[in-house]
Amino acid sequence: MAEFDDNLMLAIDLSHQIIDLGKEGNWDQVRDLDEQRLRLLKTLFADTAMASRRDEFKTHIETLLELNEQAVAICAQARSDSMVSSRAAKRGMHAINAYHKQSGGR
């Protein structure tokens, strides 16, 4: 059971790291850690220890869910920010193109 407990705590630690890296904008590292965390969670939730000791792990599972919600919120905000930046860049390109067209391409 010690390995199961260690893996559960590792999943929580990975979740914290994902949140911190997301706040810093290190998306490649977020992706890598999230893939690692997902494999770990699949293994954990397939383990019979999870079902047989579910009450014991309730707090840890709630922590994982809360951390996941935080990570999703950070990713959603970054996506939104990226979309806003992309739209601003497009508007800037349209303005530049319009200026060039208006000025005869000079």
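Counting from 1, the numbers follow the sequence of the chain as shown.
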Pair Thr43-Asp47, side-chain contact (heavy atoms from CB on, under 4.5 Å): steps then yes or no: CA-CA 6 Å; Thr43 301; Asp47 195 313; 5.8 Å; no

Return the [atom1] to [atom2] distance between [X] and [Y], rounded to the nearest 0.5 Å.
X     : Y     : atom1 : atom2 : value
Leu21 : Asp32 : CG    : CG    : 10.0 Å
Leu64 : Arg37 : CG    : CZ    : 7.5 Å
Ile18 : Lys23 : CD1   : NZ    : 13.0 Å
Leu10 : Ser15 : CG    : OG    : 9.0 Å
Phe57 : Phe45 : CZ    : CZ    : 10.0 Å
His16 : Gln70 : NE2   : CD    : 8.0 Å

In terms of heavy-atom contacts, Trp27 and Cys75 come closest through CZ3-SG, 3.7 Å

Write down the atom of Ala11, the atom of Leu44, and the distance for their closest heavy-atom approach. CB-CD1, 4.1 Å

Path from Leu40 to Leu65 over hydrophobic side-chain contacts below 4.5 Å: yes

Let me check something: do Met9 and Leu41 share a hydrophobic cluster, defined by ILVMFWY side-chain heavy atoms less than 4.5 Å apart, either directly or through other members? yes

With Gln17, which of Ile12, Val30, Leu33, Asp34 fulfils side-chain contact (heavy atoms from CB on, under 4.5 Å)? Leu33

Could you tell me if Asn26 and Arg31 have a donor-acceptor pair between their side chains, going purely by distance under 3.5 Å? no

Tell me, with the steps shown, if Glu24 and Gln29 meet side-chain contact (heavy atoms from CB on, under 4.5 Å). CA-CA 10 Å; Glu24 296 169 3; Gln29 290 178 314; 5.6 Å; no

From CA spacing to verdict: side-chain contact (heavy atoms from CB on, under 4.5 Å), Asp5, Arg53: CA-CA 11 Å; Asp5 295 351; Arg53 297 170 58 196; 3.4 Å; yes

Run the salt-bridge test on Asp55 and Lys58 with the 4.0 Å N-O cut-off and return the result as yes or no. no

